[in-house]
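Notes follow the structure.
Quick caveat, the model's predicted, so the values are computed rather than measured. The basis for the numbers below is simple: all heavy atoms, side chains too, and nothing from hydrogens, waters or symmetry mates. If you read the sequence from its start, that first residue is 1, and numbering goes on from there.
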Amino acid sequence: PPAAQLLDVRADFPLFAHRPELVFLDSAASSQKPAAVIQAMAEFYAHDYANIHRGAYRLSASATDRFEAVRDRAAQFFHAPSRDGVIFTRNATEAVNLVAHSWGQTHLSAGDVVLVSEMEHHANLVPWHLVTRQCGARVEAVAMTPDGRLDLDDYRRKLRELPVKIVALQHVSNALGTIHPAHELVELAHAQGLPILLDGAQGAPHLPLNLDELGADFYVLSAHKMLGPSGVGLLLARPEALRGLPPYQGGGDMIREVYPESSTYAPLPHLFEAGTPAIAEVIGFGAALDYLDGLGMARVEAHERALLDYALGRLEALEGLQLYGPSGPRCGVVSFNVAGAHAHDVAGFLDEANICVRAGHHCAQPLMRAFDVPSTVRASFSVYTTPADVDALADALGDIVQFFAEEP
Ligand code: PMP
């Protein structure tokens with residue numbers, strides 16, 4: 001790939017200094033962490049740690065300020081409409097559960113439809129199953145095209161013909177890398193007067209985002225997929241979409257006044273943040289956002305696109321390899337199977353060569369069924385992925401394809 005399009009940041013990631021032999025191609029599951037993120041957390045624990053939002057002493061006040069500063073940083077990074085709609089959760093999964101529970105509980109009733117797609121991660125399906133089962137509503141799915149895009153005609157039809165109350169779709173597919181036309185998805189939902197949640201777990205780490213412009217009512221993501229620590233996610237909501245919703249969980253930090261028999265609640269955003277959060281990890285996430293800002297998300301996107309094109313070129317040349325996913329807009333994910341081999345066996349062979357990939361259904365069983373395969377092997381990229389990583393994968397796959405072609 002053209003060197004001008006590539007980032008050169010490997011040295012920022014200590015894991016690769018400790019494991020120089022490693023070819024890490026599982027960033028869609030979770031990314032590695034730059035030293036800046038690891039240090040921010042270690043220094044906070046070593047020098048500045050205290051619980052937030054309660055202490056009457058300066059150490060706690062300054063920890064609170066640093067935690068709340070990350071809320072502002074996130075609002076700015078994602079161009080969120082307001083800091084009041086920036087809610088810290090444990091991960092993207094919890095953010096979907098929050099919306100499904102708090103919004104669903106107050107807005108869904110028998111016969112209503114939650115419109116998802118066949119391509120969703122289970123995290124954007126199961127929470128909706130739970131809430132619809134309780135109230136007699138149901139979940140319907142937009143179909144996928146044979147090459148792995150959302151079928152927009154089917155989306156339009158279902159929006160028009162079904163009693164849809166809310167739309168919940170992914171921004172980017174974790175199994176195929178497909179980048180869905182987010183603006184169009186939002187516009188079509190809004191044209192029907194419907195709120196829309198976008199699952200950005202695979203969008204936020206790889207694409208520049210302007211949520212104010214995008215207009216999605218709810219956008220969810222996980223820090224651990226975007227160079228930050230595990231244990232932190234975000235619900236980025238338009239504050240008006242949250243207003244009037246009941247809390248998701250109860251406990252400390254989200255209250256105004258509590259009596260033994262009843263309680264009143266804190267305003268946004270604290271209403272949705274019960275209990276002690278992952279304080280140091282949120283601060284580490286702030287460092288990850290600073291790091292990504294330093295690279296520039298447009299350059300992150302270009303780097304991963306250049307690597308994807310290079311990888312597709314090399315893998316398409318291998319006979320006996322079945323590749324899945326569209327030729328259109330796509331993030332750095334390649335999903336494939338080797339003729340005659342189980343995905344887990346292929347991943348096992350690759351691991352022998354120190355190549356880390358994921359094999360399985362990628363928490364997207366409906367999508368696998370639509371492709372009529374039980375599993376695929378998935379290689380996925382991040383800012384630290386290099387052409388040498390892609391070469392190692394393609395070389396090893398060349399041997400594996402040949403091995404299985406010769407199997408009787
Ligand atoms: N949605 C998508 C598209 C994902 O890829 C993932 C993570 N694999 C999730 C949601 C859930 O993320 P988490 O497990 O961090 O909550």
Side-chain angles (χ1 to χ4, degrees), residues 28-29 87 89-144 148 150-151 154-155 157-159 161-176 178 180 185-186 188-189 192 194-203 216-222 225 233-237 241-242 245-250 272 274 360-376:
I87 314 290
T89 61
R90 277 191 303 133
N91 46 35
T93 300
E94 190 179 51
V96 178
N97 275 280
L98 189 166
V99 176
H101 182 92
S102 291
W103 191 95
Q105 207 184 42
T106 37
H107 291 78
L108 291 173
S109 44
D112 291 344
V113 165
V114 175
L115 189 59
V116 298
S117 87
E118 229 174 18
M119 302 182 69
E120 299 312 310
H121 188 281
H122 299 163
N124 195 29
L125 292 175
V126 184
W128 299 110
H129 297 162
L130 295 176
V131 66
T132 51
R133 297 276 143 84
Q134 273 171 10
C135 64
R138 67 184 201 276
V139 176
E140 295 256 357
V142 175
M144 179 179 74
L150 281 180
D151 182 338
D154 191 48
Y155 180 44
R157 192 175 326 115
K158 289 192 161 122
L159 279 176
E161 293 176 0
L162 296 175
V164 178
K165 281 289 155 63
I166 188 167
V167 177
L169 295 172
Q170 58 182 211
H171 184 185
V172 171
S173 162
N174 61 306
L176 304 174
T178 316
H180 302 299
L185 300 180
V186 173
L188 287 168
Q192 299 285 328
L194 298 172
I196 179 167
L197 174 145
L198 288 180
D199 169 4
Q202 301 292 346
D217 302 270
F218 306 103
Y219 193 96
V220 306
L221 59 92
S222 279
K225 292 183 196 281
L234 280 180
L235 166 62
L236 298 156
L242 291 177
L245 296 191
Y248 171 50
Q249 294 178 329
F272 290 107
H361 52 59
H362 315 297
C363 299
Q365 287 182 5
L367 179 145
M368 293 290 138
R369 266 180 226 117
F371 274 127
D372 202 19
V373 292
S375 54
T376 71

Leu162/Arg138 under side chain to side chain contact (heavy atoms under 4.5 Å, CB included): CA gap, chis, key distance, verdict: CA-CA 11 Å; Leu162 296 175; Arg138 67 184 201 276; 3.9 Å; yes
Straight-line distance of [X] [atom1] to [Y] [atom2], nearest 0.5 Å:
{"X": "Asp217", "Y": "Leu236", "atom1": "CG", "atom2": "CG", "result": "12.5 Å"}
{"X": "Gln202", "Y": "Ser222", "atom1": "CD", "atom2": "OG", "result": "9.0 Å"}
{"X": "Glu140", "Y": "Glu161", "atom1": "CD", "atom2": "CD", "result": "11.0 Å"}

Trace of the side chain to side chain contact (heavy atoms under 4.5 Å, CB included) decision for Phe272 with Leu98: CA-CA 8 Å; Phe272 290 107; Leu98 189 166; 3.6 Å; yes
Backbone N/O of [Y] and side chain of [X]: donor-acceptor pair under 3.5 Å:
{"X": "Tyr248", "Y": "His101", "value": "no"}
{"X": "His107", "Y": "Gln105", "value": "no"}
{"X": "Ser117", "Y": "Leu169", "value": "no"}

Step-by-step side chain to side chain contact (heavy atoms under 4.5 Å, CB included) determination, Thr178 to Leu150: CA-CA 9 Å; Thr178 316; Leu150 281 180; over 6 Å; no
Geometric class of the His122/His361 ring pair [parallel <30°, tilted 30-60°, perpendicular >60°]: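 If you compare the ring of His361 with that of His122, the planes turn out tilted.
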Reference residue Leu194; test side-chain contact (heavy atoms from CB on, under 4.5 Å); the match among Val164, Leu188, Ile166, Leu115: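 Single side-chain contact (heavy atoms from CB on, under 4.5 Å) partner of Leu194 among Val164, Leu188, Ile166, Leu115: Val164.
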Would you say that [X] contacts [Y] through its side chain, given a criterion of any heavy-atom pair below 4.5 Å between the two side chains?
{"X": "Trp103", "Y": "Leu108", "result": "yes"}
{"X": "Trp128", "Y": "Val99", "result": "yes"}
{"X": "Phe218", "Y": "Val96", "result": "no"}

Chi angles and distances behind the side chain to side chain donor-acceptor pair (under 3.5 Å) call for Gln170, His121: CA-CA 8 Å; Gln170 58 182 211; His121 188 281; over 6 Å; no
All pairs passing salt bridge (Lys or Arg N to Asp or Glu O under 4.0 Å) where residues 103-114 contributes a residue, at least two apart: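 Applying salt bridge (Lys or Arg N to Asp or Glu O under 4.0 Å) to every pair that reaches into residues 103-114, excluding sequence neighbours, yields Asp112-Lys165.
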Check against side chain to side chain contact (heavy atoms under 4.5 Å, CB included), Leu176 and Met119: CA-CA 9 Å; Leu176 304 174; Met119 302 182 69; 3.9 Å; yes
